[in-house]
Participant: 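My questions will all concern the structure given below.
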Protein chains: 2
Amino acid sequence: NASFLAKRGFQVQLFESREDIRQAKIVRGRSINLALSLRGREALKHIGMEEKIVSKGIPMHARMIHSISGKQSPIPYGKKSQVRLSFNITPFLLLAAEAYPNTKLNFGYKLSDWSFDSGMMTFQGPNGTEEEIYADLIVGCDGAFSAVRKQFLRQSRFNYSQTYIPHGYIELTMPPINGQFAIAPNFLHIWPRNTFMMIALPNMDKTFTCTLFMPFEEFDKITTGAQALEFFQKYFPDAVPLMGVAALKRDFFQLPAQAMVSVKSSPYHMGDRCVLMGDAAHAVVPFYGQGMNAGFEDCIVFDGIMDQFNEDLSAVLLEYSKIRVPDDHAIADLAMYNYIEMRSHVNSRWFLFRKFLDNFLHRIMPRTIIPLYTMVTFSRMRYHEAVRQWQWQNKVSRIFVCSFIRYLMIWHCVIGRRPAKAKNLKKESE
Amino acid sequence: NASFLAKRGFQVQLFESREDIRQAKIVRGRSINLALSLRGREALKHIGMEEKIVSKGIPMHARMIHSISGKQSPIPYGKKSQVRLSFNITPFLLLAAEAYPNTKLNFGYKLSDWSFDSGMMTFQGPNGTEEEIYADLIVGCDGAFSAVRKQFLRQSRFNYSQTYIPHGYIELTMPPINGQFAIAPNFLHIWPRNTFMMIALPNMDKTFTCTLFMPFEEFDKITTGAQALEFFQKYFPDAVPLMGVAALKRDFFQLPAQAMVSVKSSPYHMGDRCVLMGDAAHAVVPFYGQGMNAGFEDCIVFDGIMDQFNEDLSAVLLEYSKIRVPDDHAIADLAMYNYIEMRSHVNSRWFLFRKFLDNFLHRIMPRTIIPLYTMVTFSRMRYHEAVRQWQWQNKVSRIFVCSFIRYLMIWHCVIGRRPAKAKNLKKESE
């Protein structure tokens with residue numbers, strides 16, 4: 001969003017409590033892999049970074065399901081031309097923002113206090129100094145545990161919820177074999193095991209980042225390297241030789257399982273000079289790959305409203321909350337729904353049949369029936385409209401299936417009765 | 001809860017940020033009227049305060065519905081023996097706690113920091129002094145905007161939601177007339193007007209506290225005394241002469257409309273030395289009159305679990321969260337449901353018919369069908385079980401109504417066809 005505002009000619013200052021990620025050593029065990037799909041790409045296009053960033057990512061054309069026996073079966077995302085990308089985007093965003101001369105980046109600054117009335121913020125600087133900064137517009141893009149949001153919570157009539165899911169996650173690495181990806185690179189690999197699952201996303205250095213999602217209580221049961229190995233041999237036997245026994249035993253315990261939170265809030269603005277965006281306003285669980293994309297889309301939507309209201313901030317912020325809250329709540333709910341779908345439904349015949357049916361209906365009625373996943377990932381249809389459309393389509397395809405079954409039954413009756421009728425006719429003619 | 005713990009022999013210290021309410025002047029415009037029903041009374045019985053407090057309250061035997069034309073119609077709460085009470089309870093609770101020699105009350109102490117690991121708390125004392133207090137168990141009973149809960153929010157895996165409803169409220173007074181209550185005292189008076197409503201609760205000094213619940217946007221439209229009077233004359237014409245024109249015009253603007261919040265959280269404990277109770281854990285909107293009762297019941301439940309686990313705090317706190325969270329979430333949802341029911345359904349024939357049917361079924365099957373209101377207000381059935389039972393009963397009475405309608409239709413057909421058949425028979429016999 002810094003780039004969007006800078007493009008408009010605002011004097012932009014960016015404050016980050018951590019050090020500059022471009023100068024930092026890589027932090028292990030915390031995901032820096034994000035899926036970039038259409039909504040995110042659109043935002044990057046606005047700031048002229050799309051091609052630069054997309055060329056650095058790895059496209060994923062389909063999901064690859066790993067059964068317990070080691071069998072691999074791809075499930076495409078929809079049309080073949082649709083791709084997703086997986087890589088670390090932060091350095092590029094910083095670069096993009098820095099390209100504007102009216103933007104200043106400040107690292108190691110921690111927000112200690114601020115007022116949404118006066119726009120005054122107090123920061124703890126990198127050398128323990130205290131600095132006061134005044135702003136016309138404060139944009140809180142400071143993540144799921146937002147410091148800016150804390151002030152919102154103290155105000156009356158700010159709705160907020162944070163819901164932790166019972167699952168935690170750990171990250172493991174699958175190294176390259178002979179300098180090549182250990183498994184097919186252009187896929188989102190999934191090992192669905194009902195109550196838990198593992199996924200693997202390709203990185204530019206030919207490694208895969210494997211993420212194991214599992215209830216915390218199950219993590220608690222695994223305390224030794226031998227137990228971790230036994231667990232993997234039982235449920236992910238095909239992955240064990242690729243990840244390496246020694247690495248597995250060691251890396252399983254590198255970090256405790258991380259929690260995942262779904263955050264909803266409304267409104268997104270307070271007064272006429274402060275607004276929350278991205279994870280600060282709406283953190284989602286990572287099961288739809290839309291967290292970053294929704295955050296990027298926030299910027300496009302905000303930018304559009306800035307045009308619409310001629311940068312009159314008090315009108316812009318009001319409209320932004322009104323427009324964006326229902327969409328972000330919809331994607332948060334969808335991500336929660338996919339959290340169940342990915343680890344269990346993906347295994348079921350009914351799910352595969354439904355996917356097949358959706359794609360079939362989409363092919364015969366491409367404008368009427370669009371798979372939910374396509375609407376969310378490969379279009380810019382508003383999230384809450386996508387959900388409404390999906391619910392309507394579910395009704396339609398239920399009717400379709402029912403009619404089809406009825407047709408089969410009638411057909412069966414006709415076929416089944418014909419000889420009987422023929423018999424009767426024969427008898428009568430005798 | 002201070003009294004419960006003191007009774008067990010714990011050294012109890014109570015810290016309150018405000019001054020001692022018994023020495024304070026009465027704060028106007030903020031509700032101190034609370035409805036005490038069975039759950040709250042049970043808790044008071046445990047600390048030997050029931051009779052003392054109940055005798056100071058005013059029983060309410062029924063709701064009294066005021067129509068726009070001024071017509072009054074009572075709707076009983078169920079059996080006649082069931083009553084509710086309305087008065088300010090805080091001074092009595094302080095008195096009860098103070099009666100234990102192992103309890104110390106501290107007023108004007110503001111919690112600035114605390115740690116759930118060490119049990120160390122830092123307070124800002126009444127004279128600006130800073131005091132450190134160590135405790136084996138920290139009980140956060142510090143209301144909907146709990147200072148203790150803030151620390152919970154910083155921890156991982158603490159689920160929390162705060163939802164403000166679109167309605168605000170203001171309080172007005174209906175003075176006594178010739179030293180007597182202006183309207184019948186032993187009722188909860190309700191003026192339901194669909195999108196908004198007014199209620200009135202009797203006080204010991206023969207006044208009524210009238211509370212107007214209305215969407216904030218409607219409050220915003222009323223800015224002058226004349227507009228306030230016009231509004232009352234249009235919607236509550238019978239109340240205007242009782243409240244007084246001058247008082248109404250003045251008091252309407254005494255305080256801005258207050259917001260109402262529904263707070264849910266889980267778990268209620270953190271580590272093995274801190275627990276949230278009452279509004280700090282689960283603030284509810286005031287439409288079921290269960291806020292205080294649920295908080296008091298927390299104490300009984302906690303006390304029971306203390307017995308069960310021999311005061312082993314780490315086991316007690318775990319069990320307390322497990323047992324109490326679903327019940328408090330259920331009452332929060334019910335209060336939200338009643339928020340709609342009270343201001344609109346109470347007016348509808350269908351609602352009155354359902355109430356009638358529930359009471360009728362209750363009379364013929366007193367153990368099987370119990371009105372929800374009775375289960376919640378006049379029993380100690382667990383809230384979440386009451387909700388489950390209610391949903392089951394709704395199914396039963398829907399079947400009952402459907403069967404009844406079917407029976408009526410069959411009856412109608414039989415009656416309707418008889419002459420036709422008779423005609424046919426006649427014809428045939430001719």
Side-chain angles (χ1 to χ4, degrees), chain A residues 30 110-113 142-170 213-220 255-270 280 282-283 285 318 321-322 325 329 332-333 336, chain B residues 30 110-113 142-170 213-220 255-270 280 282-283 285 318 321-322 325 329 332-333 336:
Chain A
R30 285 273 197 167
K110 219 172 135 81
L111 183 67
S112 55
D113 198 20
D142 51 345
F145 304 99
S146 170
V148 175
R149 197 179 55 215
K150 266 178 202 145
Q151 200 79 288
F152 275 64
L153 272 168
R154 274 179 232 160
Q155 305 303 319
S156 189
R157 301 181 66 193
F158 176 63
N159 299 304
Y160 174 75
S161 80
Q162 60 179 46
T163 310
Y164 284 86
I165 56 173
H167 280 60
Y169 73 90
I170 59 166
F213 298 96
M214 193 161 68
F216 277 100
E217 54 205 74
E218 297 298 320
F219 274 115
D220 291 344
L255 271 179
Q258 304 288 315
M260 281 166 284
V261 68
S262 183
V263 169
K264 284 185 191 176
S265 64
S266 94
Y268 290 156
H269 71 287
M270 198 87 354
H282 51 84
V285 291
L318 206 66
S321 283
K322 201 177 126 204
V325 165
H329 284 199
D333 292 339
M336 211 56 132
Chain B
R30 283 275 198 166
K110 218 172 137 76
L111 183 67
S112 56
D113 199 19
D142 50 346
F145 304 99
S146 171
V148 175
R149 196 179 57 215
K150 266 179 203 148
Q151 199 78 288
F152 276 64
L153 272 168
R154 275 179 232 159
Q155 305 303 319
S156 189
R157 299 181 66 193
F158 175 64
N159 298 304
Y160 174 75
S161 80
Q162 61 181 43
T163 311
Y164 284 86
I165 57 174
H167 281 60
Y169 73 91
I170 58 165
F213 298 96
M214 193 161 70
F216 277 100
E217 54 205 75
E218 297 298 320
F219 274 115
D220 291 345
L255 272 180
Q258 304 288 313
M260 281 166 283
V261 66
S262 183
V263 169
K264 284 185 191 175
S265 63
S266 95
Y268 290 155
H269 71 287
M270 201 73 10
H282 50 83
V285 289
L318 206 66
S321 282
K322 201 177 125 202
V325 166
H329 284 200
D333 292 339
M336 211 56 133

Participant: Which residues satisfy the side chain to side chain contact (heavy atoms under 4.5 Å, CB included) test with K322(B), sequence neighbours excluded?
Facilitator: E319(B)
Participant: Would you say the side chain of H269(A) lies within less than 4.5 Å of the side chain of L318(A), judging by non-hydrogen atoms?
Facilitator: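 Side-chain contact under 4.5 Å: yes.
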Participant: Between Q162(A) and Y160(A), is there a donor-acceptor pair closer than 3.5 Å when you use the side chain of the first and the backbone of the second?
Facilitator: no
Participant: For chain B, find which of M260(A), R157(A), K264(A) contributes the most heavy-atom pairs closer than 4.5 angstrom.
Facilitator: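 Sorted descending by pairs with chain B, the first entry is R157(A).
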Participant: Once you round to the nearest 0.5 Å, how far does OG of S156(B) lie from CZ of F216(A)?
Facilitator: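 The distance works out to 6.0 Å.
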Participant: Could you pull out the closest heavy-atom pair between P267(A) and F158(A), with the gap in Å?
Facilitator: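 For P267(A) and F158(A), the tightest heavy-atom pair comes out as O-CE1, 3.2 Å.
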Participant: Under the 3.5 angstrom rule, does the side chain of H329(A) hit a backbone N or O of S265(A) as a donor-acceptor pair?
Facilitator: yes
Participant: Report, in residue-number order, which members of residues 145-155 of chain A are under 4.5 Å from chain B by heavy-atom distance.
Facilitator: L153(A), Q155(A)
